[in-house]
Protein chains: 2
Amino acid sequence: MSRPSFREQVLRVREDAIVSAVNRLLAEKGFDLMTVDGVAAEVGIAKASLYKHFASKEELAGAAMVRVLDKTLAEVERLRSDKAAAPVEQLKAVTRWAMREQLAGQMPSLPSENSTLRAALLASKTYVDRVMELGDRLGEWITMAQAAGQIDGSLPPELVLYTLYARACDPVIGVLKSTANYSDEEIVELVLKTCFDGLAARGERA
Amino acid sequence: MSRPSFREQVLRVREDAIVSAVNRLLAEKGFDLMTVDGVAAEVGIAKASLYKHFASKEELAGAAMVRVLDKTLAEVERLRSDKAAAPVEQLKAVTRWAMREQLAGQMPSLPSENSTLRAALLASKTYVDRVMELGDRLGEWITMAQAAGQIDGSLPPELVLYTLYARACDPVIGVLKSTANYSDEEIVELVLKTCFDGLAARGERA
DNA sequence: GTCTATAAGAGGATAGAC
DNA sequence: GTCTATCCTCTTATAGAC
């Protein structure tokens, strides 16, 4: 309850710099190709010093994921303050946000296959808590949007949730960017449109 | 033009076994986590023998990709024989096929970030040729489907193409499977529905 | 807590006998 | 072309001085 000491503040700043580097490298190369040496080099400290802050590469990734989840939850909270917005618009807004983060090279995407990483993440209470909370928040919007007839009510809510999550690491975004035919905002709107409206033409009938 | 000798046939069979193992491991772990030792072990030969057939790990992956593209092109050709089917149904059919392959652990998905792999693939004429041919075949159906008002004509055809490609490595499929709430066929139809019809409810008006 | 130096091991690729 | 044995680099992680 006492305010943090100077040393603690320095520690915080240092660790924040580390997590930022991890976040960027995770977004750029992914977990497997990211090296601890690379992180140390980007932060500008020795690798051994890194291990004084985080016990393993998996913990580094976990810290970056927690921070990204916190940022996402903050964005969700910000959107929730707009009571007038329809639930489906809230869902679109947070999806836009996630896709912009990916385009900015700020969205780490972890492989779901790597078992050691997965085990480490699931062992982290802070990580699991945030995943659950985000799922709850988005789940509320999804349920409301389905009740209001804005989201297809025949779809399992979990399918809707996972489909939205997947937009944050959609490879289509990177491919479209590499063609250099579209601005970032155009990419966001194109992918968002295919996600919510589908590829099929929307005709006159149901 | 003479028919292959016995030795050549043996070689073919051996290389086919290698590519099968690569294909499976690539689908299971991805390129980065797949090891050449693992491939050798699965085939049941020494690692050095592998290198008599393929010069590098990248070439192994390339061979697997070429084979998968060939299988896809064969499936496309099979579908083309049904002249009565609407183009959009052809696109759905080939997408279903790709998703089933993923569910069966037969769809290798390569990271787009890895530059050495990318360079090796683009240097392979057989690979590039097949990618181009598949793009042409699917592009025809996309254009026809848009002209017929079955696919949203406001979407750039390349966006439609990439969106369909992405279904072959859609992480949503794996997540849904891990929940064990749905059969493989249910997963295929759910993801196909979100892809073509979108998350939003399809109401009465355009 | 930061550093230099190094252990320990995985993994891609090759040498050389057969 | 297949094998065993080995090389060599990269990478995770730690030891130990300051």
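Within every chain, numbering begins at 1; the chains are lettered A, B, ... in the order of the sequence lines, protein sequences first and strands thereafter.
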Legend entry - Whole-Å gap separating C1' (dG1(C)) and CZ (Arg7(A)): 8 Å
Legend entry - N/O (side chain, Ser49(A)) to phosphate O (OP1/OP2, dG1(C)) under 4.0 Å: no
Inset, instruction - Just do the side-chain contact (heavy atoms from CB on, under 4.5 Å) check on Thr179(A) and Tyr162(B) with the steps written out, would you? - result: CA-CA 12 Å; Thr179(A) 68; Tyr162(B) 301 146; 4.1 Å; yes
Inset, instruction - Test the Lys57(A)-Phe31(A) pair against the cation-pi criterion, namely NZ or CZ under 6.0 angstrom from the six-membered ring centroid and within 45° of the ring axis. - result: yes
Inset, instruction - Calculate the interatomic distance between Ile45(A) atom CD1 and dG1(C) atom P; express it in whole Å. - result: 12 Å
Inset, instruction - Rounded to the nearest angstrom, tell me the gap between atom CD in Glu59(A) and atom C1' in dT14(D). - result: 15 Å
Legend entry - Pair Glu8(B) + Arg12(B), salt bridge at N-O below 4.0 Å: no
Inset, instruction - Assign a letter to each nucleotide of nucleotides 12-18 of chain C from its 5' end: B, base within under 4.0 Å of a protein heavy atom; S, sugar-phosphate only; -, no contact. - result: BBBB---
Legend entry - Pi-cation contact, Phe196(A) with Lys92(A) (under 6.0 Å, within 45°): yes
Inset, instruction - Return yes if some donor-acceptor pair links the side-chain N/O of Lys47(B) with the main-chain N/O of Ala41(B) below 3.5 Å, else return no. - result: no
Legend entry - Length of the line joining His53(B):NE2 and dC3(D):P, which is rounded to integer Å: 9 Å
Legend entry - Ionic contact status for Arg118(A) with Glu113(A), cut-off 4.0 Å: no
Inset, instruction - Specify the separation, in whole Å, of atom CG of Leu25(B) and atom P of dG11(C). - result: 12 Å
Inset, instruction - Would you kindly give the CG-to-P distance between Leu33(B) and dG11(C), to the nearest whole Å? - result: 9 Å
